[in-house]
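Here is the structure we will look at, set down as structure tokens.
No experiment lies behind these values; they were computed from the predicted model shown.
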Amino acid sequence: NVLSVSAENKEESKEDTFKMREFNYHSFSRSFRLPKEIEGEKIIASHENGVLSIEIPKREKAEEEKKKSITIS
């Protein structure tokens with residue numbers, strides 16, 4: 001019941017004369033504990049314009065809890 005999100009970015013920059021090269025490496029990692037009510041098989045993720053969106057659906061309860069009203073006199 002853990003969702004892990006990680007990313008890597010590797011960049012190489014060169015000058016026209018090839019006298020200098022630079023290498024950049026960035027990484028990111030994050031883990032989240034998910035409650036038992038989550039349907040892990042139905043998690044959907046998308047990446048658009050630099051934004052990561054994750055949809056995490058909850059299981060539907062078989063029986064909804066009944067609300068009880070108590071009158072105070």
Side-chain angles (χ1 to χ4, degrees):
N1 293 336
V2 175
L3 172 65
S4 296
V5 178
S6 62
E8 292 183 7
N9 185 13
K10 299 176 186 178
E11 296 178 13
E12 179 181 348
S13 60
K14 303 177 196 176
E15 289 189 11
D16 292 337
T17 60
F18 293 101
K19 291 181 183 177
M20 184 180 99
R21 284 188 177 183
E22 289 186 14
F23 298 93
N24 291 325
Y25 178 79
H26 304 281
S27 67
F28 168 83
S29 179
R30 181 85 189 258
S31 295
F32 304 90
R33 283 192 179 184
L34 299 177
K36 294 179 182 178
E37 301 88 37
I38 299 301
E39 291 193 54
E41 308 81 34
K42 295 184 180 179
I43 294 176
I44 299 170
S46 62
H47 180 261
E48 186 174 336
N49 297 326
V51 177
L52 175 64
S53 299
I54 303 173
E55 295 180 33
I56 305 173
K58 291 176 76 175
R59 289 190 180 115
E60 294 183 23
K61 293 182 180 179
E63 294 181 24
E64 290 188 27
E65 296 178 19
K66 295 181 181 179
K67 294 183 180 180
K68 183 178 180 181
S69 296
I70 300 173
T71 306
I72 300 174
S73 52

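- Identified under the salt bridge (charged side-chain N to carboxylate O under 4.0 Å, His left out) test for residues 29-40, with sequence neighbours left out: E39-K42.
- In this view, K58 satisfies the salt bridge (Lys or Arg N to Asp or Glu O under 4.0 Å) rule with no residue, not counting sequence neighbours.
- Under the side chain to side chain contact (heavy atoms under 4.5 Å, CB included) criterion, S53 pairs with S46, V51, sequence neighbours left out.
- Counting side-chain heavy-atom gaps under 4.5 Å among Ile, Leu, Val, Met, Phe, Trp and Tyr, the cluster of V5 also holds L3, F28, F32, L34, I38, I43, L52, I54, I56.
- Legend: residues meeting side-chain hydrogen bond (donor to acceptor under 3.5 Å, both in side chains) with S31, ordered by chain and number and at least two apart, are S4.
- Legend: residues meeting side chain to side chain contact (heavy atoms under 4.5 Å, CB included) with H47, ordered by chain and number and at least two apart, are absent.
- In this structure, I44 stands alone, with no Ile, Leu, Val, Met, Phe, Trp or Tyr side-chain heavy atom under 4.5 Å from its own, directly or through other members.
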